[in-house]
Amino acid sequence: MNNLLAKLGQDPQRSLTIFLRGLGLFALGILFIALGYFYHHLWQIVGMVILTFACITAAWGYLGIFANRLLVILNKR
């Protein structure tokens, strides 16, 4: 288990960058969904696709951050 945590959490700065990119994509997806509400509905479909990729990206980044923090806690013992 420690090997997996070490692999996932080896670079917390990069994980934070990935998480923030996912967060930015999430905001962009929400913007497209709102645009589709006021204009054409196809903008909402584009927003949902972007939102899907945003959630996956943010989850991957958060997993790296969480793995790094958990590895630090486990190694203190």
* Asked: Which atom pair, heavy atoms only, marks the closest approach of M48 to I33?
  -> SD-CD1, 3.7 Å

* To do: Working to the nearest 0.5 Å, report the span between CZ of R69 and CG of L74.
  => 13.5 Å

* **Within one Ile-Leu-Val-Met-Phe-Trp-Tyr cluster: L16 and L23, side-chain cutoff 4.5 Å** => yes

* Can you say whether the rings of W43 and F32 are parallel (under 30°), tilted (30 to 60°) or perpendicular (over 60°)? -> parallel

* To do: Answer yes if Y39 and L28 sit in the same cluster of Ile, Leu, Val, Met, Phe, Trp and Tyr residues linked by side chain heavy atoms under 4.5 Å apart, and no otherwise.
  => yes

* Do L42 and V46 have side chains that get closer than 4.5 Å, going by heavy atoms? -> no

* Between L25 and R21, is any pair of side-chain heavy atoms under 4.5 Å apart? -> no

* For the atom pair CD1 (I18) and OG1 (T57), what is the distance rounded to the nearest 0.5 Å? -> 8.5 Å

* Asked: Looking at CD1 of I45 and NE2 of H40, how far apart are the two atoms once the value is rounded to the nearest 0.5 Å?
  -> 9.0 Å

* How long is the span from the CG atom in N68 to the CD1 atom in I73, to the nearest 0.5 Å? -> 10.0 Å

* Asked: Same cluster or not: are F26 and F19 linked, directly or through other Ile, Leu, Val, Met, Phe, Trp or Tyr residues, by side-chain heavy atoms under 4.5 angstrom apart?
  -> no

* To do: Taking all non-hydrogen atoms of both residues into account, name the closest pair between A54 and G22 and its distance.
  => CB-O, 3.5 Å

* When hydrophobic residues are tied together by side-chain contacts of less than 4.5 Å, even through go-betweens, does Y62 share a cluster with L20? -> yes

* Is there a path from L35 to I50 through hydrophobic residues (I, L, V, M, F, W, Y) whose side chains come within less than 4.5 Å of each other? -> yes

